[in-house]
Each structure stands twice: as structure tokens, then as C-alpha cells.
There are 2 protein chains.
Amino acid sequence: MTESTRPMRRQDIRRENEKAILLAAEKVFAEAGFGGATMQLIADLAGLPKANLHYYFATKEELYRSVVQNIFEIWLQAANCFDAARGPIDGISAYIDAKMEISRRHPDGSKVWASEVMHGAPVLQDYMESILREWTDGRVEIIRRWIEEGKMDPVDPRHLLYMLWATTQHYADFGHQIETLNGGKPLSDRQWREAKENIKRVILTGIGAQPA
Amino acid sequence: MTESTRPMRRQDIRRENEKAILLAAEKVFAEAGFGGATMQLIADLAGLPKANLHYYFATKEELYRSVVQNIFEIWLQAANCFDAARGPIDGISAYIDAKMEISRRHPDGSKVWASEVMHGAPVLQDYMESILREWTDGRVEIIRRWIEEGKMDPVDPRHLLYMLWATTQHYADFGHQIETLNGGKPLSDRQWREAKENIKRVILTGIGAQPA
DNA sequence: TTGCATCCTGACCGTATGGTCAGCTTTCAG
DNA sequence: CTGAAAGCTGACCATACGGTCAGGATGCAA
């Protein structure tokens with residue numbers, strides 16, 4: 001029973017190892033923070049010797065940067081839901097769904113992202129000042145237009161966006177608290193659905209965008 | 001010019017030093033996380049030699065625990081706003097005000113608390129399973145009663161609470177992001193007021209508790 | 001098959017960190 | 001005034017961590 005000694009192609013090796021390392025790193029960084037994470041722990045979780053990590057990622061900082069950039073890209077992707085929409089009901093609904101899905105599917109990445117921002121975004125400052133700001137300004141403009149067109153109440157677009165980020169992100173970052181208050185069990189499919197519906201309902205009603 | 005060599009009383013010395021250490025620790029833990037924080041940094045910030053820290057707090061863990069418990073108590077205090085209220089408008093308004101004030105006045109503590117929960121609440125697990133759960137259950141009951149009395153729409157009380165926590169906490173934990181998107185400047189008094197008003201308005205309207 | 005680039009890793013190193021301790025100074029009760 | 005308790009600290013230690021490196025193993029193009 002030799003465990004299928006397929007002679008991996010070079011490309012595959014690299015891709016698979018990088019993937020394994022990034023996955024392990026995401027988890028360890030999420031659980032311990034940047035300072036508390038150790039290359040040894042990440043290596044163990046990835047099933048590789050520590051020295052091998054340094055072959056793929058020269059430094060801990062570089063590895064961390066990769067992890068953060070990964071989640072940032074996922075985060076930005078969800079943001080597109082906003083653009084296609086014709087009004088606040090479609091747009092905000094879709095955005096909440098997308099961000100909640102991220103909180104559910106990538107809780108570790110979400111935590112790393114939150115941690116990074118909480119600590120002053122030492123790695124992502126550039127992104128925040130360019131890409132994020134641009135994206136935000138664009139979305140603010142869209143919301144402003146919706147308000148002008150009478151599709152929703154005149155709510156401050158920025159604070160509305162913060163509210164969307166906060167409520168959805170919360171289910172990842174504070175997942176442990178939610179789980180504890182849920183009797184120690186993770187939210188079920190139904191509970192996730194309820195969470196999404198509640199958020200959507202309260203916010204859409206709150207901004208006067210609910211279909212009369 | 002001997003800098004006012006008042007001969008401090010023993011009690012005062014202890015209280016003042018503990019206070020200085022806790023304040024410095026809160027800041028360093030908030031900025032670097034538990035793993036990234038160093039006793040040396042905390043000592044420098046507190047203006048004391050490192051060995052002196054260990055005189056008051058035996059270990060880094062013990063110091064961290066004190067910081068976390070401090071903020072948890074502040075957090076719980078704000079929770080009382082809920083009880084005195086006669087309806088959702090009073091109660092939720094007051095709670096949002098209180099929690100926003102915490103985010104503004106104790107951003108470091110808020111971050112430490114968020115970090116603690118994000119990393120699985122290694123220190124606070126007991127509190128969460130007893131005090132926090134109790135508090136939450138009580139508040140859920142209050143909200144349920146408000147719904148029964150027709151004072152607000154039938155929104156899931158738990159998810160409503162999460163929403164309150166999330167939106168208010170966000171202004172502390174993601175303060176750096178908000179500041180960056182605000183042109184690099186901290187929110188002004190007016191902007192804080194607007195933030196509070198927006199949150200209150202959207203949520204209260206969202207749950208159908210706005211005075212007709 | 002050969003040669004080489006890529007991949008891999010055990011052993012090692014310098015440093016920084018949490019923590020200790022012996023011995024000093026200061027407060028203060030009796 | 002005196003002695004003991006409380007407060008203080010420079011110097012020290014063991015450990016753990018990020019990172020290095022020499023040299024071996026492996027795939028792959030020619």
C-alpha cells in the first residue's frame with residue numbers, strides 16, 4: 001500500500017504546496033494573530049518541514065502578506081454585486097448574501113482581515129488608500145443616486161456601508177461568541193438563512209427600500 | 001528643580017502603578033495582539049522598568065487577563081441601559097448611545113475584547129458561558145415581550161442583538177479603516193453624532209419601532 | 001543517459017522574549 | 001528611631017523563534 005506515489009509534475013508540486021501553506025497559514029494567523037503565529041505551527045499544519053516554508057515564502061511577513069491579499073481579493077469580488085443592481089433592494093440584498101457567504105466559507109480569512117485592520121493595516125495601508133477608497137467612493141455615489149431617485153430614504157451612504165460591513169463581518173469575527181450563545185453549536189443552515197433574512201429585512205426596511 | 005518629590009503613600013503608589021501598567025498594556029495589546037505584545041514595550045510605555053511589571057503582574061497572561069476583564073466590565077455596564085427602558089425606542093437608543101460611547105472612549109479596550117473573542121476567548125470562555133449568556137437570554141426575553149406588546153415588528157431578538165453589537169463595535173475595531181476612508185482624519189464630534197443617529201434611525205425604523 | 005534546475009530538509013545560529021533573583025531603597029507602624 | 005514589610009531594579013537565564021545553509025533528492029529537457 002504505497003500511498004499512490006504519483007510522480008508529481010513540478011508545476012503541480014509548487015501549486016499544491018503553496019496552497020497547503022497558505023491554507024495552514026490562514027488558519028494559524030486567524031487563531032493566534034500575526035505575533036502569536038509561528039512558522040513551526042504553520043509548517044506542522046501544512047505537513048511540511050519548516051525550512052520548506054521558507055523555500056516558498058522567504059519571510060513570515062511575506063507569507064502573511066499573501067494570506068491577507070488573498071482574502072482581500074475575495075472581499076472585493078463580493079463587492080461587485082452592488083454594481084449590477086438596479087436598486088437598493090437588489091443591490092444590498094445581493095451584497096449581504098455575498099458577504100455572509102464569505103463569513104461562512106472563509107471565517108479564518110475574515111478574521112485575518114479584521115485583525116490586519118484592527119492593528120492599523122500595516123500591510124494593507126496602500127490598498128486601503130487606493131482600491132478600497134475608490135470602491136467605497138463609487139458605492140457611495142450609487143447609493144446617493146438611489147436616494148435621489150427616491151428608491152430609498154436619505155441615509156448617509158458611508159454609515160450605511162459601515163453597517164453592512166459590520167453586520168456581515170460580525171458573523172465571522174465573533175463566530176465564537178455566537179456559537180457559544182448558540183449552545184456551543186455552530187449555526188445550522190437554517191440559522192444562517194435566518195441571520196441573512198433578518199439583516200436584510202431590518203436594513204432594507206430601515207432605509208425605506210422595502211417594497212410597499 | 002527636583003520634580004515635586006512628594007513622598008507617595010504606599011496605597012497610592014500601588015494604585016497608580018497598576019493603573020499606568022493596565023493603560024499601557026491595553027494599548028499595546030490592542031496594537032500588537034497578545035502574541036505581538038512584549039512586556040518590554042508595555043513597560044516602556046508605562047515608564048517603568050520591565051522587572052517592575054512582574055512585581056505587580058506575575059505573568060503576561062495575568063496582565064492580559066486583567067485588561068480583558070476591565071473592558072468586559074465596562075461592556076456589561078453599558079448593557080444596563082436596556083433594562084430601565086419601557087420600550088424599544090428608549091432601550092435600543094440608549095444602548096446604541098452607550099456602546100458607541102465605549103467605541104469612542106475605549107477603542108483599545110474594544111479591540112482587545114474583539115481580539116480575545118476572535119481567537120476563541122481563551123481567557124473569557126467562562127464569562128461568556130455564564131454572565132454573557134445570562135445577560136443575552138434576559139435581553140432576548142425583553143425584546144420578545146416588546147414584540148408581543150406590538151411595540152416592534154417580530155424580528156429575531158438574537159440577530160437583532162448581534163446587529164447592535166456589530167454596528168457599534170465596528171467603529172472601534174475598524175476605526176482605522178473608517179479613519180482612512182475619512183481622509184485620514186478621525187471622526188469629528190459631528191460625524192460621531194451622525195453615525196449614532198444613522199444607526200439608530202436605520203435599526204429603529206427597520207424593526208418598526210419608529211414613532212409613527 | 002546526462003546535466004541542470006528545482007525541490008527539499010536536518011542541523012544550526014543569533015536574537016528577543018518572558019521570567020527570575022539578589023540586593024537595594026523607601027515607607028511606616030510601634 | 002528602628003525594624004520589617006513593601007516597593008524597586010539591573011543583571012541574568014533558558015527558551016523559542018525567525019531565518020540560514022550546505023548538501024541531498026527529484027523532475028525533466030535535450
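Quick note on labels: first sequence line is chain A, next is B, and so on, each numbered from 1. Just so we're clear, the structure is a prediction, and the values are computed from it rather than from any experiment.
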- Item | N or O in side chain of A:Y55 less than 4.0 angstrom from C:dC8 OP1/OP2 | no
- For atom CG of B:N17 and atom P of D:dA6, their distance in whole Å: 16 Å
- Query: Expressed in angstrom and rounded to an integer, what is the separation of B:F57 atom CZ from D:dG7 atom C1'?
  - Reply: 15 Å
- So which heavy atom on B:Q169 is nearest to which on B:A114, and how close? NE2-CB, 4.0 Å
- Item | B:N52 vs D:dG10: side-chain N/O to OP1/OP2 distance below 4.0 Å | no
- When rounded to whole Å, the CG to C1' distance for the pair B:D12 and C:dT26 reads 14 Å
- Determine the minimum heavy-atom distance between A:M152 and A:A209, stating which atoms define it. CB-CB, 4.2 Å
- Query: Taking only residues two or more places apart in sequence or in another chain, which ones pass ring pair (Phe, Tyr, Trp, His ring centres under 6.0 Å) with B:F57?
  - Reply: none
Would you tabulate the pairs of protein nitrogen or oxygen atoms and nucleotide nitrogen or oxygen atoms of nucleotides 17-21 of chain C closer than 3.5 angstrom?
from	atom 1	to	atom 2	distance (Å)
C:dG18	OP1	B:A37	O	3.1
C:dG18	OP1	B:K60	NZ	3.2
C:dG18	OP2	B:M39	N	2.9
C:dG18	N7	B:K50	NZ	3.0
C:dG19	OP2	B:K60	N	2.7
C:dG19	N7	B:K50	NZ	3.1
C:dG19	O6	B:K50	NZ	2.8

- Query: Closer than 4.0 Å, any side-chain N/O of B:R14 to the OP1 or OP2 of D:dG7?
  - Reply: yes
- Message: Under 4.0 Å, heavy atoms only, any strand: does B:Y56 hit a base, just the sugar-phosphate, or nothing?
- Response: sugar-phosphate
- In whole angstrom, give the distance that lies between atom CD1 of A:I13 and atom C1' of D:dT26. 8 Å
- Gap between atoms CD and C1', on B:E18 and D:dG7 respectively (whole Å): 12 Å
- Would you call the rings of A:H159 and A:Y162 parallel, tilted or perpendicular if under 30° counts as parallel and over 60° as perpendicular? perpendicular
- Note on the structure: Distance col, row A:I42:CD1 vs A:K27:NZ, nearest 0.5 angstrom, shows 12.5 Å
- With under 30° as parallel and over 60° as perpendicular, where do the rings of A:F72 and A:Y127 fit, or are they tilted in between? perpendicular
- Message: Taking side chain to side chain contact (heavy atoms under 4.5 Å, CB included) as the criterion, tell me which of B:D156, B:V202, B:I207 meets it with A:V202.
- Response: B:I207
- Check the pair A:R193, A:E197 against salt bridge (Lys or Arg N to Asp or Glu O under 4.0 Å), reporting the backbone distance first and the verdict last. CA-CA 6 Å; A:R193 216 180 315 125; A:E197 292 314 313; over 6 Å; no
- Query: Considering only heavy atoms from C-beta outward, does the side chain of A:Y56 approach that of A:L48 to under 4.5 Å?
  - Reply: no
- Note on the structure: One would report the end-axis bend of the helix from C:dT1-D:dA30 to C:dG30-D:dC1, five pairs per end and rounded to 10 degrees, as 10°
- Task: Could you check how far CG of A:L63 sits from C1' of D:dC17, rounded to whole Å?
- Result: 15 Å
- Gap between atoms CG and P, on A:L53 and D:dT20 respectively (whole Å): 13 Å
- Message: Using whole Å, what does the distance between atom P of nucleotide D:dG19 and atom CD1 of A:I42 come to?
- Response: 11 Å
